[in-house]
Amino acid sequence: MEPELRSILEEVRVASARVVALTGAGISAESGIPTFRGTDGVWVVGSKNYMPQEMATQQMFQRAPEEVWRWYLYRFGLCRQAEPNPGHRALVTLEQAFGERFHLVTQNIDGLHLRAGSSRERTLCIHGDAGLVRCAAGCFVGTLPLPDLGARTAETPLAEADRAALSCPRCGGWLRPHVLWFDEYYDEANYRMQSALRAASRAGLLLVIGTSGATNLPMQLGELAYRRGIAMVDVNPAANPFSDLCQANPRGFFARGSASERLPGIVDVLAAGSPLTT
């Protein structure tokens, strides 16, 4: 490990500072989940190709709910086939070592952090959760588990039984995926916006993993950490806006590489001396 990075991590450990880990699509890609950007995300409806930025919208759901559900059910099936990787497991170790001094803020809807062992209590899913649904009309507050509709391919049609399973038990209208769409806004009730900002405002280290900073709230967290002058570490194979913030921060470090490569060593230093690592 680079001496400068080790020094930053040891300072955080000695100070018993709070840690916020922010994860994006990169850590999930290491488990084989496509990012669904570019040609990976194209979905054909009739003779027209749609991109994720068109499919994952309230507008599209209102116009073609069955096609949106077919697209999501195919995507969610790929998520269920994936397994957590060493990066996910390292963050579980970090939570166990830091306890209430740790929060995980994730942009990923795939549930891999929770399947690896991260707790729901300390995991803030700011883009939602593929394993949950809610009433599209908002007739009740809260979420329900996504019904098990079996294995699906991109060609699997939505059967009558599927439509019934995806109907709200209260009003009979459509259930919707519990995910943040491109034409929607962050909030606390569904996407834990204020909780994420509050955690970052109290942290002594922002540990960023596998995100390009393409969405608003993650960049707010990065800019908040930078303004506060706290320690920042960005783990990513490629330069990005977070690595720029780290390089402009005297207490920042850009740890170039994948989550599976870099996180276990980072966590070893942060958790050194805890009962889990001795």
Side-chain angles (χ1 to χ4, degrees), residues 1-9 12 19-42 51-53 56 75 78-79 82-91 94 103-110 112-113 116 118 124-127 179-180 182 186 196 200 203 205-227 229-270:
M1 179 180 290
E2 301 90 335
E4 183 182 354
L5 174 57
R6 181 178 294 276
S7 176
I8 291 169
L9 299 174
V12 170
V19 173
V20 168
L22 169 64
T23 65
I27 193 171
S28 294
E30 294 176 39
S31 289
I33 295 180
T35 61
F36 290 96
R37 304 221 178 249
T39 56
D40 283 342
V42 172
M51 297 299 292
Q53 294 86 341
R75 290 188 62 182
L78 296 178
C79 293
E83 294 295 333
N85 62 56
H88 295 102
R89 292 190 285 274
L91 291 174
L94 188 57
H103 273 97
L104 170 60
V105 178
T106 184
Q107 300 168 238
N108 301 330
I109 66 172
D110 50 51
L112 288 176
H113 285 299
S118 293
L124 307 178
C125 300
I126 61 171
H127 288 174
V179 297
L180 180 68
F182 283 100
Y186 292 102
L205 167 65
L206 179 65
L207 177 59
V208 184
I209 305 111
T211 178
S212 63
T215 53
N216 178 269
L217 181 54
M219 282 310 304
Q220 285 191 53
L221 301 180
E223 290 163 359
L224 174 60
Y226 178 75
R227 290 195 304 271
I230 66 171
M232 294 179 65
V233 174
D234 179 40
V235 176
N236 201 308
N240 64 87
F242 288 105
S243 65
D244 293 342
L245 288 175
C246 286
Q247 290 171 333
N249 180 354
R251 301 178 65 204
F253 192 89
F254 175 31
R256 189 183 291 271
S258 70
S260 295
E261 293 167 345
R262 301 301 305 249
L263 272 183
I266 287 171
V267 170
D268 282 347
V269 176
L270 285 170

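Just so you know, these numbers come straight off a predicted model, no measurement behind them.
The heavy-atom pair separating Ala259 from Ile27 by the smallest distance is CB-CG1, 3.8 Å. Listed here is the closest heavy atom pair of Ile33 and Ala82: CG1-CB, 3.6 Å. When every heavy atom of Asn85 is checked against every heavy atom of Ser31, the shortest pair comes out as ND2-OG, 2.9 Å. Closest non-hydrogen pair, Pro86 versus Ser260, comes out as CD-OG, 3.6 Å. The minimum heavy-atom distance linking Ser258 with Glu30 is given by the pair CB-OE2, 3.3 Å. Taking all atoms of both residues into account, the shortest heavy-atom contact from Val20 to Ala203 is CG2-CB, 3.8 Å.
Applying the side chain to side chain donor-acceptor pair (under 3.5 Å) test to Asn108 and every residue at least two apart in sequence or in another chain returns Ser28. Tyr186 is linked by a ring pair (Phe, Tyr, Trp, His ring centres under 6.0 Å) to His127, counting only residues two or more places apart in sequence or in another chain. For Glu2, the salt bridge (Lys or Arg N to Asp or Glu O under 4.0 Å) partners are Arg262, not counting sequence neighbours. When the ring pair (Phe, Tyr, Trp, His ring centres under 6.0 Å) test is applied to His113, the partners found at least two apart in sequence or on another chain are His88.
Leu245 places a side-chain heavy atom less than 4.5 Å from the side chain of Met219. You'll find the side chain of Asn236 reaches within 4.5 Å of the side chain of Phe254, heavy atoms only. Leu9 is listed as a side-chain neighbour of Met1, based on a closest heavy-atom distance under 4.5 Å. The closest side-chain heavy-atom distance from Leu180 to Thr215 is not below 4.5 Å.
Expressed to the nearest 0.5 Å, how far CG of Leu22 lies from CG of Leu221 amounts to 6.0 Å. Residue Phe253 holds its CZ atom at 5.5 Å from CD of Glu4, rounded to the nearest 0.5 Å. Between Glu261 atom CD and Ile266 atom CD1 the span is 11.0 Å, to the nearest 0.5 Å. For the atom pair Ile109 CD1 and Ile126 CD1, the distance stands at 12.5 Å (nearest 0.5 Å). Note that CD of Glu223 is 11.5 Å distant from CG of Leu206, once rounded to the nearest 0.5 Å.
Tested against Met232 for a side chain to side chain contact (heavy atoms under 4.5 Å, CB included), the candidates Ile8, Leu207, Asn249 yield a single pass: Asn249. Among Leu94, Leu91, Leu124, the one residue that satisfies the side chain to side chain contact (heavy atoms under 4.5 Å, CB included) test with Leu104 is Leu91.
Counted by atom type alone, Ser212 and Asn240 present zero donor-acceptor pairs between their side chains at under 3.5 Å.
Screening residues 230-255 for salt bridge (charged side-chain N to carboxylate O under 4.0 Å, His left out), with sequence neighbours left out, gives Glu11-Arg251. Under the salt bridge (charged side-chain N to carboxylate O under 4.0 Å, His left out) criterion, no residue pair touches residues 205-218, with sequence neighbours excluded.
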